[in-house]
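Written below as structure tokens is the structure these notes are about.
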Amino acid sequence: MCGGWDVVVVSRFQLLSDEQWALIEGLLPLRTGRRGRPFSDARAMVEGILYRYRCGIAWRDVPEVFGPWQTIWTWHRRMAGDDTWEMVLQRLLTAADAAGQIGWAVSGFLDRAGESACHQRQACRGGLGRITRFR
């Protein structure tokens, strides 16, 4: 407590709250107990993936605090391949929506863009339409 306020110190690299982590932890791969390379920290891997998406950076630029970028990339590739990543995102999105943290809005731009594409398709019904060849 600090002056009547609860103070929570959060690292800039901790992207998931404990509540969010509890929602998705059961979806992630578990340690198999087999010999070989040590199993990476699942939370660090997920937060590394989220950090990469949030910042829009290349895999090589993910900070070392999350672990080796190659390991983070491998986790993402495997989870995306078996739809685990889709389930993780869906579960987080559903919880955020239920808590009122997401504002949904539909832009009129999307309607106009779809309408424009529709008119363009009608103009060239025969496939590519008329092709002019330049020499």
Side-chain angles (χ1 to χ4, degrees):
M1 288 286 276
C2 178
W5 295 86
D6 289 329
V7 178
V8 179
V9 178
V10 178
S11 165
R12 71 182 179 122
F13 297 116
Q14 183 180 355
L15 303 174
L16 294 172
S17 68
D18 291 336
E19 293 81 20
Q20 290 170 320
W21 178 248
L23 284 173
I24 64 171
E25 187 176 19
L27 299 173
L28 302 174
L30 300 172
R31 298 175 192 269
T32 60
R34 291 186 290 177
R35 295 175 58 182
R37 292 185 183 209
F39 192 76
S40 301
D41 177 32
R43 185 166 184 162
M45 295 296 107
V46 170
E47 290 189 341
I49 294 166
L50 292 173
Y51 186 88
R52 188 238 178 205
Y53 277 116
R54 179 176 150 202
C55 296
I57 58 176
W59 288 109
R60 291 179 182 267
D61 296 332
V62 173
E64 278 292 321
V65 71
F66 298 114
W69 70 266
Q70 298 93 334
T71 307
I72 298 168
W73 175 83
T74 301
W75 269 69
H76 180 262
R77 182 179 56 83
R78 288 180 182 161
M79 287 194 303
D82 67 1
D83 288 334
T84 301
W85 189 245
E86 182 67 30
M87 290 186 291
V88 165
L89 294 178
Q90 188 61 44
R91 191 166 288 180
L92 290 172
L93 181 64
T94 302
D97 191 27
Q101 297 173 337
I102 299 176
W104 296 99
V106 177
S107 171
F109 171 76
L110 296 176
D111 294 334
R112 288 190 297 280
E115 184 179 329
S116 177
C118 179
H119 289 306
Q120 288 175 359
R121 276 196 305 267
Q122 289 173 357
C124 58
R125 282 191 187 147
L128 295 175
R130 183 176 173 163
I131 298 175
T132 304
R133 184 173 176 180
F134 295 99
R135 292 182 188 203

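Computed from a predicted structure; not experimentally measured.
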Separation between CG of L93 and CZ of R91, rounded to the nearest 0.5 Å
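Answer rounded to 0.5 Å: 13.0 Å.
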Using every non-hydrogen atom in the two residues, find where [X] and [Y] come nearest and quote the distance to one decimal.
X   : Y   : result
G48 : V62 : O-CG1, 4.1 Å
L15 : Q20 : O-OE1, 3.9 Å
L23 : A95 : CD1-CB, 3.4 Å

Close side-chain approach of [X] and [Y], heavy atoms under 4.5 Å:
X   : Y   : value
W73 : P68 : no
W21 : V46 : yes
I72 : R52 : no

What do the steps show when you test R43 against L16 for side-chain contact (heavy atoms from CB on, under 4.5 Å), and what is the final call?
CA-CA 9 Å; R43 185 166 184 162; L16 294 172; 4.2 Å; yes
Donor-acceptor contacts, no H, no angles, side chain residues 76-90, under 3.5 Å, sequence neighbours left out:
from	atom 1	to	atom 2	distance (Å)
H76	NE2	Y53	OH	2.9
D82	OD1	T84	N	3.1
D82	OD1	T84	OG1	2.6
D82	OD2	T84	OG1	3.3
Q90	NE2	T94	OG1	3.4

Query - Main-chain N/O of A44 paired to E47 side chain as donor or acceptor, under 3.5 Å - result: no
| message | What verdict does the side-chain contact (heavy atoms from CB on, under 4.5 Å) test give for D41 and F66, after you've listed the backbone C-alpha separation in whole Å, the side-chain angles of each residue and the deciding distance to 0.1 Å? | response | CA-CA 9 Å; D41 177 32; F66 298 114; over 6 Å; no
**Asked** Step by step, would you call I49 with W59 a side-chain contact (heavy atoms from CB on, under 4.5 Å)?
**Response** CA-CA 9 Å; I49 294 166; W59 288 109; 4.3 Å; yes
